[in-house]
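Report on the structure given below.
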Amino acid sequence: MKQYTNVAIQAARLAGHQLMKRFRHVTTQGAQRKGRHDIVTHADMEANDIILHTIRRHFPQHDFLSEETGLEDNTDTYRWTIDPLDGTVNFALQSPLFCTTLALLHQGEVLCGVIYAPFVKELYVAEAGAGAWLNGKRLRVSTTHRLSDALVLIGRTHHPISHRNYIMLQRRLDQCVFNSRYLGSGSLNLAYTAVGRSDATVMTPPGVSAWDAPAGVLMVREAGGRVTNMDGKPWHLQSTGVVASNGKIHNALIRAIS
């Protein structure tokens, strides 16, 4: 395993440990509003500081793009994308569906990704060309072949149009899939697709940020799945939506939602 992957694992674990210290001591009423449907807590910022401190000790020259502190551009070609607490509302509501997610990119390519769900102690790790794992066990996407048998997870951003797209998507999926779910954490959506707990994930545009998807996208790919934008074209960092699947139902899913 590459050094940067080990550093990412260390950073995610330390941040997760801090989040668990704060769990059940944070509420939506005590959080700061970032928008109508979005909040930030002291736990977000503490976890963010831990991740930045951990990575900087090893790679001080790298760039950093975090949901909470924005871009730190050190003019390097390596950039870390960081969401210290993906699922903040879940966290504040004392739901276990939250995680820390981070990825390292080089010239637009995702080199490694880590998603850590500390409440359930699940560590998802992916490395480009080397595979993806959950707590050391190799990940494989599901084997579902028919869209009518598929469980699809839906993610949305806090953008009002994404909310409307989510409602339309839900109506379309209800007509053609076995079931759909909204977890409230885009990173966990993608991780669950990589491990085969769901057959696909759709994250509705606009507003899918640069820290939302890279780690999970790499995991789905390394687990044998397929990832595109909403039109079925290859996903890239500028894509405004994400469709990730086991690959077998992908074309049918794109037709259903387009």
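Remember, predicted model here, so these are calculated numbers, not experimental data.
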Looking only at heavy atoms, which two atoms of A150 and I249 are closest? And how far apart?
CB-CD1, 3.7 Å

Check the side chains of D83 and S187 for a donor-acceptor pair under 3.5 angstrom, ignoring hydrogens and angles.
no

Shortest non-hydrogen contact from A43 toward F91
CB-CE2, 3.7 Å

Taken to the nearest 0.5 Å, the spacing of L237 CG from L105 CG works out to 5.0 Å

Show the numbers, then the answer: is there a side chain to side chain donor-acceptor pair (under 3.5 Å) between T144 and D149?
CA-CA 7 Å; T144 302; D149 294 330; over 6 Å; no

What I'd like to find out is whether the side chain of T143 reaches to under 4.5 Å of the side chain of N246, using heavy atoms alone.
no

Name the orientation class of the two ring planes belonging to H62 and Y78 (parallel below 30°, tilted from 30 to 60°, perpendicular beyond 60°).
parallel

When you check the side-chain N and O atoms of N48 and S66, is any donor under 3.5 Å from an acceptor?
yes

Nearest heavy-atom pair of L190 and A244: which atoms, and what distance?
CD2-CB, 3.6 Å

CZ of R138: more than 12 outside heavy atoms within 6.0 angstrom?
yes

Kindly compute the distance separating CG (L104) from SG (C112), expressed to the nearest 0.5 Å.
5.0 Å

For D174 and Q170: C-alpha separation, side-chain torsions, deciding distance, then whether side chain to side chain donor-acceptor pair (under 3.5 Å) applies.
CA-CA 6 Å; D174 283 346; Q170 183 76 65; 3.2 Å; yes

Determine whether more than 12 heavy atoms belonging to other residues, nucleotides or ligands lie under 6.0 Å from atom CD of E72.
yes

Do W235 and R221 touch side chain to side chain, with heavy atoms closer than 4.5 Å?
yes

I want to check something: taking the side chain as every heavy atom from C-beta on, are V242 and T201 in contact at a cut-off of under 4.5 Å?
no

What about F119 and F23, are their ring centers closer than 6.0 Å?
yes

Answer yes or no: is there an ion pair linking R22 with E46, defined by an N-O contact shorter than 4.0 Å?
yes

Do you know which of R197, K137, R13 makes salt bridge (Lys or Arg N to Asp or Glu O under 4.0 Å) with E122?
R197

How close do V141 and T193 get, heavy atom to heavy atom, and via which atoms?
CG1-O, 3.7 Å

Measure across A12 and Y116 and return the closest heavy-atom pair with its distance rounded to 0.1 Å.
O-CD2, 3.4 Å

When hydrophobic residues are tied together by side-chain contacts of less than 4.5 Å, even through go-betweens, does L183 share a cluster with Y124?
yes

Looking only at non-hydrogen atoms, find the nearest pair between I9 and L123 and report the distance.
CG2-CD2, 3.7 Å

Do you reckon I115 sits in the same ILVMFWY cluster as V217, going by side-chain contacts under 4.5 Å, direct or chained?
no

